Protein chains: 2
Amino acid sequence: MELLDSLDHKILEILQLNNLTSQREIGNKIGLSAPAVQRRITRMRELGVIKKDIAVLNPEHLGQLITIVVQVEMEADKVEMVTKTKRKFEQTPQVQQCYYVTGEADFMLIVVVSNMKEYEKLTHELFFNNPGIQRFKSSICMDIVKSGLALPVPK
Amino acid sequence: MELLDSLDHKILEILQLNNLTSQREIGNKIGLSAPAVQRRITRMRELGVIKKDIAVLNPEHLGQLITIVVQVEMEADKVEMVTKTKRKFEQTPQVQQCYYVTGEADFMLIVVVSNMKEYEKLTHELFFNNPGIQRFKSSICMDIVKSGLALPVPK
DNA sequence: TAAAATATGAAATAAAATTGCATAAACAGT
DNA sequence: ACTGTTTATGCAATTTTATTTCATATTTTA
């Protein structure tokens with residue numbers, strides 16, 4: 001059984017805002033006992049509904065980090081090339097996020113580096129060294145207006 | 001005192017991967033007692049170095065969610081307009097992320113909606129209703145190759 | 001060098017998570 | 001409708017974890 005009911009949804013809603021909320025407190029809010037909450041959470045972790053639990057850091061406290069949005073165009077979308085490129089992006093720690101998208105660009109990347117030298121080096125590794133990539137466009141981020149991973153949870 | 005030392009960095013490194021790691025375990029890895037770890041974590045929360053603690057959900061388990069990367073161009077960047085627009089994007093729950101960037105586009109948004117109807121409505125609210133916005137380009141996400149918020153932590 | 005501020009570990013305490021168990025609710029097959 | 005089965009629940013007990021206290025050590029400041 002894979003389905004989530006409305007209580008599960010309420011739990012997810014709470015945890016994606018603050019996963020340090022105690023089971024007792026969650027239980028109070030949604031009308032369940034702490035153990036019941038705990039079993040549901042465990043189950044959702046096993047199902048993969050909850051992918052991970054993380055602390056979100058403030059980039060402003062970690063030196064002068066540079067965030068860059070990169071649009072990447074591939075030559076002709078050969079499936080193999082795309083797969084390989086995806087894997088490369090995945091494995092690169094500076095690539096915080098990678099979306100494979102429709103439209104002019106094929107990939108949208110969010111990249112975080114410590115300085116421009118590092119970015120230049122990275123472009124060689126990721127783009128110039130990849131014959132499948134036609135061009136890429138870098139937009140420097142001046143302000144991270146909003147940053148999160150929260151998803152809409154069914155009511 | 002605001003500075004972080006190398007032990008703090010190690011703690012951050014661990015917590016941004018898994019913030020459910022126990023203090024004892026963190027202590028073992030970095031050579032501190034559990035209480036020492038706990039005090040450092042508390043301090044970093046107070047300083048805002050740790051912004052929040054969240055569960056990351058798997059979009060594939062929450063219905064057919066649609067992720068869209070949107071490039072937004074403003075008319076002439078009037079400061080007021082930009083500020084107001086930022087605030088609007090911030091407050092919109094479907095806008096998961098918003099970057100104010102250099103280059104052709106002024107904003108890059110990551111938007112998550114439940115269906116296209118919702119997106120159409122959202123474009124009216126966010127873009128057509130905003131006279132400061134010249135045009136916007138939507139790229140539908142076919143694959144979220146990588147998704148995270150981990151930052152490079154000084155060694 | 002003395003005084004003050006800061007960080008630490010060990011031990012004690014408090015809080016939270018987890019497990020065991022009996023019960024109730026939902027379900028499937030007859 | 002009846003019965004056996006599965007599944008979810010709450011309570012109480014247990015275990016683990018987080019937090020506080022306190023004495024000591026280390027660093028900083030005057």
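Residue numbering restarts at 1 for every chain, and letters A, B, ... go by the order of the sequence lines. For clarity, every value in this text was computed on a predicted model and none was experimentally measured.
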Problem - Candidate nucleotides C:dT18, C:dG9, D:dG10, ranked by approach to the side chain of A:Gln23 - the nearest - result: C:dT18

Practice task
Rounded to the nearest angstrom, tell me the gap between atom CG in B:Leu20 and atom P in D:dT17.
Solution key: 12 Å

Handout entry: Test of ring centre spacing under 6.0 Å for B:Phe89 and B:Tyr99
Key = no

Problem - Residue whose nearest DNA chain C nucleotide is more 5′ - A:Arg39 or A:Thr21 - result: A:Thr21

Problem - Under 4.0 angstrom between B:Arg43 side-chain N/O and C:dT6 OP1 or OP2 - result: no

Practice task
May I ask you to decide if the ring planes of B:Phe107 and B:Tyr100 are parallel, tilted or perpendicular, using 30° and 60° as cut-offs?
Solution key: tilted

Exercise for the section: Give the minimum heavy-atom separation between A:Met108 and B:Ser139, together with the two atoms involved. Expected result: CE-OG, 4.2 Å

Problem - Whole angstrom value for the distance that separates P of C:dT8 from CD1 of B:Ile41 - result: 12 Å

Exercise for the section: Return yes when atom NZ of A:Lys137 has more than 12 non-hydrogen atoms of other residues, nucleotides or ligands closer than 6.0 Å, and no otherwise. Expected result: yes

Handout entry: Candidates D:dT9, D:dT19, D:dT17 - which lies nearest the side chain of B:Pro35
Key = D:dT19

Exercise for the section: Please state how far atom CG in A:Leu32 lies from atom C1' in C:dT18, giving the value in whole angstrom units. Expected result: 16 Å

Problem - Separation of atom CG in B:Asn28 from atom P in C:dG9, rounded to whole Å - result: 11 Å

Completion exercise
The nucleotide from D:dT9, C:dA7, C:dG9 with an atom nearest the side chain of B:Arg40 is C:dA7

Exercise for the section: Could you check whether B:Ser22 gets within reach of a base, just the sugar-phosphate, or nothing at all, counting any heavy atom under 4.0 Å? Expected result: sugar-phosphate

Handout entry: Presence of salt bridge, A:Lys146 and B:Glu90, under 4.0 angstrom
Key = no

Practice task
Could you check how far CG of B:Leu4 sits from P of C:dA7, rounded to whole Å?
Solution key: 12 Å

Practice task
Could you state the atom-to-atom distance from CG of A:Asp53 to C1' of C:dA16 in whole Å?
Solution key: 16 Å

Practice task
Report yes if a side-chain nitrogen or oxygen of A:Gln38 is closer than 4.0 Å to either non-bridging phosphate oxygen (OP1 or OP2) of C:dT18; otherwise report no.
Solution key: yes

Handout entry: Value in whole Å for how far the C1' atom of C:dA15 lies from CZ of B:Arg24
Key = 17 Å

Practice task
Using whole Å, report how far CD of A:Glu46 lies from P of C:dT18.
Solution key: 12 Å

